[in-house]
Amino acid sequence: MAKKKNEAPLTGITVSKEEDFSGWYTELINKAELADIRYNIKGFVVYREWATITIRKMYRKSEDLLELKGHLPLTMPSLIPESNFLLEAEHVEGFAPEVFWVTEAGSSGKLAERLALRPTSETALYKMYSMWIRSYKDLPFKRYLSCQVWRYEGKMTRPFFRGREFHWIESHNVFATMEGAMEQVKEDMETTYQILQDECCIPIIFFQRPEWDKFAGAVHTYAADALMGSGKVLQLPSTHLLGQNFSKPFNVKFVDTDGEEKYGYQTCYGPSQSRNYGAMIAFLGDNNGLVLPFDLAPIQIVIIPILFKQKEDLILTKAREIFERLKNKYTVKLDDSDESPGSKFYSWELKGVPIRIEIGPRDLEKNQMVLIKRHDGKKIFVKDPELEKVVDEIAQIYTKEIKEKSMIDFESQIELTYEKDAAIEAIKNGKIVACGFCSIDLDGECCAEAVEKEIGAEVRGKRVDEEKHEFATCIICGKPASCTVYLAKSY
RNA sequence: GGGAGGGUGGUCUAGCUUGGUAUGAUUCCUGGUUUGGGACCAGGUGGCCGGGGGUUCAAAUCCCCCCUCUCCCA
């Protein structure tokens, strides 16, 4: 855009994403009316219509995919009795500092037992699982729920990224064997790629998190890190191998083919829809506002009639005809309000509507219209009879084009380092570091702390896909390396 | 978690040092003229100055507590 940012009026974004990401994100949230932060409880925000529609579409895609893979939906109460919550010790220890408690009710005062506003639903669900699951014939038992959870976050809250209330899906599954559970973890990772990379156009990579950084109560945690382009990573959905850590205290047992009663092997998976949305708008947006994948846009096509005196009727009639031709296949808006055309262009760009169709007197004479794609600004003149065909073509490739632009070559961001100084330098240069590490079991935790202090990065864990590097020694302590880990700064 | 800075019509903001009638723009509504990248004219609506307490004849302004937001750093 040739237009200088400081000339932009208040309704547009005035901060450059490259120069001031935080300011840019705040303006995007406010001006595109995605969230309203004036609801004055810290960490609790109102998600406005435009964001809600897209988040619901994201939900639907994830839910459909989960059901396709054999999960059934259910709905759980949002309160968990403290006695349930206390059953698994590590889980309690991990979550207790973040729990909101309901301690009083109405006029009867204090409750006999405190009730936790669920921070996650393991301790609610597994109590039920122990009642529902009787035999190996009930397995695998795959369920999910779409809900809100509450965690009293100490860290700085940001709309969508980190709130004290957030919106997610959690899937909870039970298997007869550890291998069955591990297969589920792999399936969850595949699901995550399908949603985040293919639908949301966010590049990700999965790591097995170190022991000290795993989900409270899990055997192992596998988490997606989004590659934000600057060498920084952002944690997105994680899937957890629970083994029998919960099935034992919650008594989730089944009678196996051999007649023996056994504890199930469990997994859980929690993709946060609100955080995924935040990551998507932050990653794809530009200095004109939102950029959205075609399927996730609340409005996919906006028609803007260029009305001139004497010719209003002709143009409006044509615009309405275009609307009628497209409305059954796409979500279309005809913006015939009396704003000036330029003003409409800016505001629908801010909202990230993928296709804009302009129709004016000059087009009418030539029996054509003008299509503009939001994500690259390309302008296409289309003859009237070609309209449906061209729109179909754009709809087909629009998301793929965004994805192509946004997929970062992960390998090119990695720097292999053998010494601490090299790692410090690489992190400073915005790279992700691959290096040897003594252990991602608990005995490696002090080396991880050294990584944070001395290198200024976090140990993200062991890469899940193929491992190519061979490092002889740990970058910190010099002992023989048991694995290759990746170090990065995180959001 | 540590630090810094904010909260005044829907939005942005002046006023606060030195207490005394609430400033401007924009949005919104009405009417009219316009319309190919942020149009214009005229009129109008809209405020418990974040909340509570204190000082004072008098508080947006001074003092205390709380809530909340923004930015930076663990």
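The chains referred to below are lettered A, B, ... by the order of the sequence lines, with proteins before strands, and numbering in each begins at 1. Just so we're clear, the structure is a prediction, and the values are computed from it rather than from any experiment. These values consider heavy atoms only, across backbone and side chains, with no hydrogens, waters or symmetry-generated copies.
Searching all strands for a Watson-Crick or G-U wobble partner of B/G20 with both distances below 3.5 Å returns B/C57. Base pairing of B/U35 is not made with any nucleotide, judged by Watson-Crick or G-U wobble geometry with both donor-acceptor distances under 3.5 Å. When Watson-Crick and G-U wobble pairs are counted only if both distances are under 3.5 Å, B/G43 pairs with B/C29.
The shortest non-hydrogen separation linking A/V92 to A/L86 is CG2-CA, 3.5 Å.
Taking a 6.0 Å sphere around NZ of A/K311, one finds it holds 12 or fewer heavy atoms contributed by other residues, nucleotides or ligands.
Residue contacts for A/K309: at a heavy-atom cut-off of 4.0 Å it reaches the sugar-phosphate backbone alone, with no base atom in range. At the heavy-atom level, A/D363 lies under 4.0 Å from base atoms of the strands shown. Using a 4.0 Å heavy-atom criterion, one finds that A/E339 contacts the bases of the nucleic acid, with or without backbone contacts as well.
Residue A/F215 holds its CZ atom at 10.5 Å from OG1 of A/T239, rounded to the nearest 0.5 Å.
In the interface, the side chain of A/E358 is not paired with the base of B/G37 through any donor and acceptor atom under 3.5 Å apart. Side-chain atoms of A/R38 stay outside donor-acceptor range of the base of B/G50, with no qualifying N/O pair under 3.5 Å.
Two residues, A/R356 and A/E452, neighbour RNA chain B, and the one matched to the more 5' nucleotide by heavy-atom proximity is A/R356.
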Quick test: give all pairs of protein nitrogen or oxygen and nucleotides 42-47 of chain B nitrogen or oxygen below 3.5 Å, distance rounded to 0.1 Å.
none

Please produce a list of atom pairs where a protein N or O lies less than 3.5 Å from an N or O of nucleotides 65-73 of chain B.
unit_1: B/U68; atom_1: OP1; unit_2: A/K42; atom_2: N; d: 3.1
unit_1: B/C71; atom_1: OP1; unit_2: A/S22; atom_2: O; d: 3.2
unit_1: B/C71; atom_1: OP1; unit_2: A/T26; atom_2: OG1; d: 2.9
unit_1: B/C71; atom_1: OP1; unit_2: A/R158; atom_2: NH2; d: 3.0
unit_1: B/C71; atom_1: OP2; unit_2: A/R158; atom_2: NH2; d: 3.1
unit_1: B/C72; atom_1: OP2; unit_2: A/S22; atom_2: OG; d: 3.4

